[in-house]
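Before any comments, here is the structure.
Only a predicted model underlies this, so the values are computations on that prediction, with no experimental measurement involved. Heads up: numbering here begins at 1 and tracks the sequence.
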Amino acid sequence: MSDIQLDFDALRTARSRVDGARSTFASAGTVGDDLAGLTGEDRLAGKVRDFADNWDYNRGKLIEKLEFLRDALDSVVDTMTEVDDELARQAAEAAPETETGAEGQG
């Protein structure tokens, strides 16, 4: 049987960092129109708006992926904690039977 060893603190730290990055991207406002107006040149302003629109779209996609990753890290920690607790409970229930059986043979 193979042992599974997880560093729950590292997983929680990763989750916190992912959520921090998600928050940073989510709080970034759109600035395309403001900057485009400052260029003073219609063609350049159009390019700035195109870039800003593309950035906003892709930022939204990145936020979705960061949310998925954050939720997945939560699920790993929760599920593995439940598995560990259940295995510990089963081991504790089995331990008295083993000790009783060993004592009766001596």
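- Judged by distance alone, the side chain of Ser27 and the main-chain N or O of Ser23 form a donor-acceptor pair under 3.5 Å.
- For the atom pair CG of Leu66 and CD of Glu64, the computed distance is 10.5 Å after rounding to the nearest 0.5 Å.
- A donor-acceptor pair under 3.5 Å links the side-chain atoms of Arg59 to the main chain of Ala28, judged by distance alone.
- Residues Asp19 and Arg15 are paired through a salt bridge, judged by an N-O separation under 4.0 Å between the basic side chain and the carboxylate.
- Put simply, the side chain of Thr39 gets close to the backbone of Ala36: a donor and an acceptor are under 3.5 Å apart.
- Counting all heavy atoms, side chain and backbone alike, Met80 lies closest to Leu6 at CG-CD1, 3.3 Å.
- Linking Ile, Leu, Val, Met, Phe, Trp and Tyr whenever their side-chain heavy atoms come within less than 4.5 Å leaves Ile4 and Val83 in two separate clusters.
- For Asp42, the CG atom counts as loosely surrounded, since its 6.0 Å shell holds 12 or fewer non-hydrogen atoms of other residues, nucleotides or ligands.
- Criterion: ILVMFWY side-chain heavy atoms under 4.5 Å apart, direct or through other members. Under it, Phe68 and Val77 are not part of a common hydrophobic cluster.
- The pair Glu86-Arg89 counts as a salt bridge, with a side-chain nitrogen and a carboxylate oxygen less than 4.0 angstrom apart.
- Residues Leu62 and Trp55 share a single hydrophobic cluster, defined by chaining ILVMFWY side chains whose heavy atoms lie under 4.5 Å apart.
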Between Asn54 and Asn58, does the side-chain hydrogen bond (donor to acceptor under 3.5 Å, both in side chains) criterion hold? Intermediate values first, please. CA-CA 6 Å; Asn54 188 36; Asn58 287 307; 2.9 Å; yes
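- Between the CG atom in Asp78 and the CG atom in Asp71 there is a gap of 10.5 Å [rounded to 0.5 Å].
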